[in-house]
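Okay, structure first, notes after.
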Amino acid sequence: MKTISLVLFLTAFSLFGQNDVKTCEILSKINALIQREHINPKPVDDSLSVFVFDRFIDELDPSRNIFLKSEYDTLSQKYRLNIDNLIKDKACGFLSDIVSVYKKDLLRNKHLLERIDKETIDYEGKDTIRFYKKAYPIYLLDNQVEKVWRKKIRYEILDDMAQVSKNLDSIKTNFNALALHSKNTVIQNELCRINSILENESNLEESLYNHFCSYFDPHTAYFSDDSKSNFVASLSKEHLSLGLNVSLNEKSEIIVGELDPNGPAFLTGKIKKGDQIVSISNLKETLLVSCASLESISNMILSDANKNIVLTLRRNSGKSFEVLVEKQVIKDEENTVYSFIVEKDIKIGYIKIPSFYADIEGNSGKGCAQDVAKEIIKLQKDNIKGLVIDLVDNGGGSMEEAIKLAGIFIDEGPISIVIDNKKVQTTIDDPFKGMLYKDPIVLLINGNSASASEFFASVLQDYHRALLIGSTTLGKATMQTIVPLEENDNENFVKVSINRFYRITGKSHQSVGVFPNVQMPEIYETIFQKEQDFPTAFKNDSIETFIKFKPYVKNNLIQKIEQKSQLRIRNDSYFNAINTINKRIDDLVNQPKKAIPLTIETVFEEQNEVSALWEKINTFDSASINLNVYNSNLNTLLLAVHPSEKNNNQFQLDALKKNHYLNEAITIIEDYNTLK
């Protein structure tokens with residue numbers, strides 16, 4: 001028996017040793033690639049060690065209920081300033097060491113939860129709980145673990161109960177039965193999450209690689225062809241039957257990305273970009289994202305046997321809500337750009353660009369720019385007198401398409417300056433002579449307009465070719481490329497930042513975003529994550545340039561239009577109501593919360609506050625206007641040929657009729673035509 005134990009011990013030690021060697025090899029190769037290709041590589045030193053160690057610990061223990069303070073202090077003393085040296089010395093045992101302590105603590109918590117599950121919880125005892133908005137020091141002492149977890153479980157049970165009914169008296173009347181049910185749900189979810197982490201230890205290695213990459217900037221990242229990458233890729237396909245793509249955030253939460261405007265998820269009218277998917281059900285079985293494997297979630301969604309999927313979603317840490325989505329076969333559309341005519345005193349064209357998509361294979365030459373050109377031609381046949389281009393929630397895409405699109409609206413001249421990792425400046429010129437469209441343009445932007453959207457918007461703003469309205473954009477002015485870790489390596493890749501973009505004025509929107517000419521409030525804008533929120537984001541700067549260009553409209557005319565618009569917005573009850581809602585959202589999400597007593601009354605009151613705000617947002621009256629929106633003559637003919645698209649078309653029409661931002665954009669174009 002002793003011999004067997006020794007063999008097992010040696011085998012485990014050997015495997016850990018092999019993994020440590022592999023970890024060092026990959027980190028060294030990632031560093032070599034970044035030092036060679038990155039736009040602004042940093043030295044691997046103590047700063048990197050601190051960043052990687054802190055981020056990794058924050059990911060493993062965000063709620064500070066796993067690591068003991070004594071364990072953290074020991075690990076910190078050994079590794080927090082030393083990871084850089086260990087990588088250079090090819091001694092990457094720090095990962096095995098940290099994970100070993102982490103797993104031991106998870107098992108401790110698991111056994112504690114199993115014990116709590118068998119015991120009766122005292123809901124009458126006086127106690128309080130405090131909430132933190134940001135990461136805070138590891139404080140857990142060995143003799144505090146049970147108290148911390150009992151408090152946590154008690155709060156989660158009360159929180160679960162508070163969502164059952166809007167009537168507090170009803171909850172109190174049925175307290176014991178509700179508490180028993182909620183206790184089982186809460187504890188099983190916690191156990192499920194712990195088991196999932198213990199079963200997917202390999203994901204922690206990839207997390208370490210990503211923290212190493214993100215030290216250089218937020219968009220440089222490592223990825224491999226494992227189940228996680230396969231999952232994200234499968235949900236991001238253009239023809240996915242749910243009609244949405246997703247991403248995994250730093251907490252490994254599944255977040256809704258772009259919605260296909262022709263897809264069933266979009267047509268529910270209830271799912272928005274940025275929503276967190278909490279659970280997924282096929283009406284027979286429910287998988288909680290926090291504890292199910294990504295493979296099982298992917299199989300449930302992609303299986304042809306599951307025609308109806310119920311997604312449980314959470315928006316900005318608010319109350320969870322369910323949406324039933326009936327999967328559809330989404331045919332290969334020629335484009336995802338769409339257009340309408342909006343008529344008040346004059347006819348205005350409206351074009352929505354959901355993303356800057358392109359023909360990745362490069363065979364057809366088709367893409368976003370060409371599709372926009374087609375829509376412009378359709379609209380011009382109906383004699384429009386202005387154009388509104390909607391870039392709201394457009395997260396970017398192909399920079400080549402953004403360059404082409406800018407060329408459609410600029411006669412000729414420089415449109416941007418690019419600096420590569422050799423510090424070489426290259427001027428990008430308008431790729432086309434002449435303009436396809438010459439009349440006034442208004443661009444709609446918001447905090448989710450990013451990358452290629454910002455590039456395109458900044459070009460038209462600098463040339464005074466368009467007036468930008470909405471809220472400040474994300475603030476990303478860099479470009480990335482995906483490179484294999486080594487030649488012929490088909491398993492390990494790094495997405496690395498290789499270029500920075502500057503406006504023709506020499507200024508940059510990096511980190512600060514593109515500022516609209518006219519600021520317009522939007523619900524949730526105070527909590528949109530911006531580029532400047534990432535600790536390793538490139539700072540804003542500017543370069544000296546001698547580029548000459550001629551704006552299309554004089555400054556004084558732009559200023560007059562801006563002033564008239566700003567006055568309207570200040571006096572508009574709709575936008576003032578949004579400011580009030582945003583203040584409440586900001587107080588709820590960003591402001592520190594006081595400690596609250598652990599009673600059903602206080603938890604219910606807290607939950608009720610969140611629910612009331614959520615309901616106010618959902619029922620917010622946007623039907624106070626009824627714009628005259630309709631299809632162009634050519635699109636009306638196309639709908640007759642493709643009647644299956646009528647439902648989607650009508651949904652888009654109905655949404656635009658209530659769009660206050662579009663209404664202001666039209667008024668701005670009318671002001672422009674009058675003042676000019």
I'd like to check Leu60 versus Leu204 (side-chain heavy atoms, cut-off strictly below 4.5 Å). Are they in contact? yes

CD1 of Ile596 to OG1 of Thr128, rounded to nearest 0.5 Å, is 9.0 Å

#### Entry: Donor-acceptor pair, side chain of Asn659 and main chain of Ala655, under 3.5 angstrom
no

task = Determine the interplanar angle of the Phe266 and Phe651 rings, folded into 0 to 90°, and report it as parallel if under 30°, tilted if 30 to 60°, perpendicular if over 60°.
result = perpendicular

Check: Does a side-chain N-to-carboxylate-O contact under 4.0 Å join Asp127 and Lys151?
Finding: yes

Query raised in the report: Is the closest side-chain donor-acceptor distance between Lys284 and Asn306 under 3.5 Å?
Result: no

To the nearest 0.5 Å, atom CG of Asn649 lies from atom CZ of Phe340 at 4.5 Å

**Request:** For the pair Arg64 (side chain) and Leu140 (backbone), establish whether a donor and an acceptor sit closer than 3.5 Å, ignoring hydrogens and angles.
**Result:** no

**Message:** Tell me if the NZ atom of Lys104 is crowded by more than 12 foreign heavy atoms within 6.0 Å.
**Reply:** yes

Any carboxylate oxygen within less than 4.0 angstrom of a Lys/Arg side-chain nitrogen, looking at Arg584 and Glu609? no

**Item:** Plane angle bin for Tyr222 and Tyr209 - parallel if under 30°, tilted between 30 and 60°, otherwise perpendicular
**Value:** perpendicular

Steps toward side-chain contact (heavy atoms from CB on, under 4.5 Å) verdict (Ile255, Lys273):
CA-CA 8 Å; Ile255 305 298; Lys273 179 179 179 180; over 6 Å; no

* Under 3.5 Å, is there a donor-acceptor pair between the side chain of Tyr136 and the main chain of Ser63? -> yes

Side-chain (Lys307) to main-chain (Lys327) donor-acceptor, under 3.5 angstrom: no

Tightest non-hydrogen contact, residues Ser182 and Asp160, listed as OG-OD2, 2.7 Å

* Is any side-chain heavy atom of Tyr350 closer than 4.5 Å to a side-chain heavy atom of Val629? -> no

dist Leu113:CG -> Lys152:NZ (nearest 0.5 Å) comes out at 9.0 Å

Any side-chain heavy-atom pair from Lys657 and Asp654 closer than 4.5 angstrom?
yes

Closest non-hydrogen contact found for Ser165 with Asn167 is OG-N, 2.9 Å

Side chain of Asp533, backbone of Lys530: donor and acceptor closer than 3.5 Å?
yes

Exercise. Below 4.5 Å, heavy atoms only, C-beta onward: do Thr602 and Glu606 meet side chain to side chain?
Worked result: no

Lys352 and Asp390 have their tightest heavy-atom pair at NZ-OD1, 3.5 Å

Minimal heavy-atom distance between Gly367 and Tyr357, with the atoms involved, is C-CE1, 3.6 Å

Keeping Asn282 on the side-chain end and Glu285 on the backbone end, is there a donor-acceptor pair under 3.5 Å? yes

Smallest heavy-atom separation, Asp275 atom then Arg315 atom, equals OD1-NE, 2.7 Å

dist Lys103:NZ -> Ile197:CD1 (nearest 0.5 Å) comes out at 12.0 Å

Rounded to the nearest 0.5 Å, the CG atom of Leu444 sits from the OH atom of Tyr661 at a distance of 10.0 Å

Glu401 (side chain) donor-acceptor with Cys368 (main chain) under 3.5 angstrom
yes

- prompt: Should Gln529 and Phe534 count as side-chain neighbours, where that means a heavy-atom distance under 4.5 Å?
  reply: yes

Flag, side chain of Ser196 to backbone of Cys192, donor-acceptor distance under 3.5 Å
no

Heavy atoms from other residues, nucleotides or ligands near CG of Asn608 exceed 12 (cutoff 6.0 Å):
yes

Within a 6.0 Å radius of atom CD on Glu326, are there more than 12 heavy atoms belonging to other residues, nucleotides or ligands?
no

* To do: Take atom CD of Gln188 as the centre, draw a 6.0 Å sphere, and report whether it contains more than 12 heavy atoms from other residues, nucleotides or ligands.
  => yes

In terms of heavy-atom contacts, His219 and Lys495 come closest through O-CE, 2.9 Å

* Please lay out, stage by stage, how Thr286 and Thr312 fare under the test side-chain contact (heavy atoms from CB on, under 4.5 Å). => CA-CA 10 Å; Thr286 299; Thr312 302; 6.0 Å; no

Fill in: Any Leu313 side-chain heavy atom under 4.5 Å of Val256 side chain
yes

Q. Do Ile523 and Ile585 come within less than 4.5 Å of each other through their side chains, counting heavy atoms only?
A. yes

- Message: Keeping Asn582 on the side-chain end and Tyr524 on the backbone end, is there a donor-acceptor pair under 3.5 Å?
- Response: yes

- Message: Please determine whether side-chain contact (heavy atoms from CB on, under 4.5 Å) holds for the pair Leu638 and Asn635, giving the CA-CA distance in whole Å, both sets of side-chain angles, and the decisive distance to 0.1 Å.
- Response: CA-CA 5 Å; Leu638 288 172; Asn635 279 342; 3.7 Å; yes

Side chain proximity check, Asp371 to Thr336, heavy atoms < 4.5 angstrom: no

Distance alone, cut at 3.5 Å: any donor-acceptor contact between the side chains of Ser449 and Asn446?
yes

* Answer yes or no: does atom CZ of Arg115 have more than 12 heavy-atom neighbours from other residues, nucleotides or ligands under 6.0 Å? => yes

Exercise. Might you work through the side-chain contact (heavy atoms from CB on, under 4.5 Å) test for Leu485 and Val494, ending with a clear yes or no?
Key: CA-CA 6 Å; Leu485 206 51; Val494 174; 3.8 Å; yes

Main-chain N/O of Glu322 paired with Lys270 side-chain donor or acceptor, under 3.5 Å
no

When rounded to the nearest 0.5 Å, the distance separating CG of Leu112 from CG of Asp105 is 12.0 Å

